Amino acid sequence: MSHWIHQAVFYHIYPLGFCGAPKYNEEIEPVNRFEKLIEWIPHLKMLGINVVYLGPVFESSRHGYDTKDYYTIDKRLGTNESFQEICRQLHQNGIRIVLDGVFNHVGREFWAFKDVQEKRENSHYCSWFHNLNFGGGSPMGDPFWYEAWNGCFDLVKLNLRNPEVVEHLLNAVGKWIDDFGIDGLRLDAADCVDMDFFRTLKHFTTSKKSDFWLMGEIIHGDYNRWANPEMLDSTTNYECYKGLYSSHNDKNYFEIAHSLNRQFGNGGIYQNIYTYNFVDNHDVDRLASHLNDKKHLQNVYTILYTMPGAPSLYYGSEWGIEGKRTRDDDSPLRPCLDLTEMQGKNPALVSHLSRLAQIRQYFPAIQYGKFENVQIKNEQLIFKRYTDGQVIYIVLNLADHEETMELYANCAMLMDLLRDGTAFKNDGGKFQLAIPANSAMVLLETQDIFQWHSPKESPVEKLELSDEQKWRLGRYRHFKGNDYLVIDFARHSETQEWYVVYQQLYGDGSTWIRPADMFYEIVERDGIQQPRFRYIGEE
């Protein structure tokens, strides 16, 4: 079944850092810092982003994961009303919203924990916290003991077996869905959360919104334990996160190829999970700081955007910024960025990411096709993504010199979707691919050569046509009844004839190319003349 996640390109923001909020929450009145995100919407759309994952936004004491109140936006970011407007504008621009669900633990200033501190054994909320007892003190000076997350006693573990706690959290999620229209949750420290809670959460969110998406932060273990029909939809893919950068540093594509095949190849253990894929985030060093050679940035992102699962871009990394955590400080990973100052930096990487997002959005083989390794060498890698109606090869070379590889494919042409007009012809059943140094190709099997470009670049002005029945991107209905989505117009590189590129909105979503004259011609059926394809509206 098709789901919006199959076309998702995430943009991950850590709001408190992104907005330059004070380290400690000492605000008396809310300050609407987060409204700056509205200014970034055109930038997000240019990058092809259609989902933002926002780190903690609710009232907390310091870093956001020490929640004080699940029902109120952090005063350092703004108000519930201002966040409603941000969400409205994101949705209006076709961008979905995933929030951080921090349900394993709360901060010491969480209202129910403060009640325990004040009333001790007489507090109604003693049972809200895991392993709380009054037989000894805590390292924080409390006259009682409680279980903390990972030994961090500023994070108090919730008792998710308490029905009142579960009800409190579900009511909060319901409010986020109703008031902000959120589309999903990333579950913090999911490996520590009671699994029955996830089952309850899944049922609740699906009843509120049928396509609501749940993803768990899992660093180690079998992802199937958490991502299955009864619980979560997805998990973080930390295995491939490591392989994506280290395979380039070690000049060993066998590493990432092994992980991809283990997870998604024939018999792969995660073929049924649409994993959340990333190369950096608010907890780990920036990709540009991890890589020994910055010339490999584009290749890493090419794999990220074309491997099975949904890619996520961490804010600022589109410009190749660096950042390393220290033993005691994560703030270098979570900077405040000014869009005006950043624009114009590293345009090649920005353009590359934008192009990759376009490819993801319009080619079903990349969205949900099967995976297969084709050729693996230390410094070169070819894998393919394919459906019954479409085959795409991802070709990578991390060497500092051009490399030629042979590829056997049953088609007339291989067209590079990353480079307009670049194609390879079949030579006796094989293709000779000259791959430039430190570069990648995304090759589509086709029977002819086309110039593929962004669907935002309509050829209407180039052709100087004014016929309102033609040259529109959007939904069309075939005269026999099926619906299609026109995603682009392409010109033959030799004949200069125009073609329509369109995707079927049924079955496996195959993509087709047809001469424009034929696409728009008038046909006769049952004695009635009508367009072969009739425009019925925007997608």
Side-chain angles (χ1 to χ4, degrees), residues 9 47-48 240 243-257 259-261 264 277-279 287-288 290-309 311 313 317-318 320 346-363 365-367 369 371-386 391-407 409 413-424 431-446 452-454:
V9 179
L47 284 170
C240 284
L244 281 165
Y245 71 82
S246 61
S247 61
H248 289 82
N249 285 347
D250 298 338
K251 295 196 172 183
N252 178 21
Y253 269 143
F254 283 92
E255 178 184 2
I256 189 60
S259 291
L260 291 172
N261 185 64
F264 308 114
N277 304 324
F278 61 97
V279 292
L287 175 62
H290 261 317
L291 286 178
N292 295 336
D293 190 339
K294 305 297 189 296
K295 292 194 293 290
H296 294 153
L297 278 168
Q298 291 194 14
N299 274 19
V300 173
Y301 280 112
T302 299
I303 302 177
L304 177 71
Y305 275 63
T306 58
M307 64 185 279
L313 179 64
S317 287
E318 65 266 37
N346 208 337
L349 181 57
V350 171
S351 176
H352 185 70
L353 292 167
S354 178
R355 186 66 162 190
L356 288 170
Q358 292 166 10
I359 293 170
R360 275 199 60 83
Q361 188 174 359
Y362 295 108
F363 289 93
I366 300 297
Q367 294 170 14
F371 171 90
E372 182 182 319
N373 280 321
V374 177
Q375 289 189 48
I376 312 169
K377 299 182 179 181
N378 284 337
E379 297 184 306
Q380 290 80 39
L381 173 63
I382 301 177
F383 63 86
K384 72 177 181 179
R385 304 291 311 283
Y386 62 99
V391 179
I392 293 179
Y393 298 91
I394 292 79
V395 182
L396 303 120
N397 177 24
L398 63 75
D400 287 327
H401 55 82
E402 181 182 285
E403 188 73 20
T404 299
M405 297 184 73
E406 286 188 353
L407 175 63
M413 300 283 178
L414 290 175
M415 182 179 73
D416 190 356
L417 300 176
L418 285 175
R419 298 170 183 83
D420 288 337
T422 300
F424 301 89
F431 295 83
Q432 295 287 339
L433 307 178
I435 318 163
N438 300 298
S439 73
M441 299 173 178
V442 179
L443 301 176
L444 172 70
E445 282 194 0
T446 182
W452 187 82
H453 57 268
S454 166

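No experiment lies behind these values; they were computed from the predicted model shown.
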CG/Leu398 to CG/Asn378 distance, rounded to the nearest 0.5 angstrom?
-> 8.5 Å

Nearest atoms (heavy-atom pairs only) where Ala399 meets Gln380 = CB-NE2, 3.9 Å

Can you see which heavy atom on Arg419 is nearest to which on Asp416, and at what distance?
-> NH1-OD2, 2.6 Å

Take Ile303 and Tyr253 through the test side-chain contact (heavy atoms from CB on, under 4.5 Å) and record every step on the way to the result.
-> CA-CA 11 Å; Ile303 302 177; Tyr253 269 143; 4.1 Å; yes

Run the side chain to side chain donor-acceptor pair (under 3.5 Å) check on Ser246 and His290 step by step: do they pass?
-> CA-CA 8 Å; Ser246 61; His290 261 317; over 6 Å; no

Spell out, as yes or no, whether a donor-acceptor pair under 3.5 Å connects the side chain of Ser317 to the backbone of Leu313.
-> no

Would you indicate whether the side-chain heavy atoms of Leu287 and Tyr245 approach each other to under 4.5 Å?
-> yes

Worked check of side-chain contact (heavy atoms from CB on, under 4.5 Å) between His296 and Asn438 | CA-CA 6 Å; His296 294 153; Asn438 300 298; 3.2 Å; yes

Does the side chain of Ile394 reach to within under 4.5 Å of the side chain of Met307, using non-hydrogen atoms?
-> no

Straight-line distance of Phe371 CZ to Lys384 NZ, nearest 0.5 Å | 11.0 Å

Exercise: identify the closest heavy-atom pair between Ala437 and His401 = CB-N, 3.4 Å

Shortest non-hydrogen contact from Met441 to Phe424?
-> CE-CZ, 3.7 Å

The side-chain contact (heavy atoms from CB on, under 4.5 Å) partner of Glu318 among Asn346, Leu47, Leu349 is Leu47

When you look at Leu414 and Glu445, which way does the side-chain contact (heavy atoms from CB on, under 4.5 Å) test go after all the steps?
-> CA-CA 5 Å; Leu414 290 175; Glu445 282 194 0; 3.8 Å; yes

Does Ser351 reach the side chain of Arg355, with side-chain heavy atoms less than 4.5 Å apart?
-> no

Main-chain N/O of Glu406 paired with Gln375 side-chain donor or acceptor, under 3.5 Å = yes

Between Leu418 and Leu356, does a side-chain contact (heavy atoms from CB on, under 4.5 Å) hold up when you go through it step by step?
-> CA-CA 7 Å; Leu418 285 175; Leu356 288 170; 3.9 Å; yes

When rounded to the nearest 0.5 angstrom, what is the spacing between CD1 in Ile256 and CG in Asp250?
-> 12.0 Å

Roughly how far apart are Glu372 CD and Arg385 CZ, rounded to 0.5 Å?
-> 12.0 Å

Hey, are the side chains of Ile359 and Tyr305 touching, using non-hydrogen atoms and a 4.5 Å cut-off?
-> no

Test item: Leu433 and Leu443 side chains (from C-beta on) under 4.5 Å apart, heavy atoms = yes

Report yes if the side chains of Ile392 and Thr306 come closer than 4.5 Å at any heavy-atom pair, otherwise no.
-> no

Is the backbone N or O of Pro436 less than 3.5 Å from a side-chain atom of Asn397, with the two atoms forming a donor-acceptor pair by type?
-> yes

Return the minimal non-hydrogen interatomic distance between Leu396 and Asn299, and the atom names on each side.
-> CD2-O, 3.6 Å

About how many Å separate CE of Met405 and CZ of Phe431, when rounded to the nearest 0.5 Å?
-> 14.5 Å

So CG of Leu244 and CD of Glu255: to nearest 0.5 Å the spacing works out to 9.0 Å

Check whether any side-chain heavy atom of Phe383 lies under 4.5 Å from a side-chain heavy atom of Asn261, and answer yes or no.
-> no

When Glu379 is tested against each of Lys251, His248, Glu403 for side-chain contact (heavy atoms from CB on, under 4.5 Å), which residue passes?
-> Lys251

Does the side chain of Leu381 come within less than 4.5 Å of Asn373's, by heavy atoms?
-> yes

Minimal non-hydrogen separation, Gln298 against Ala348, with atom names = NE2-O, 3.6 Å

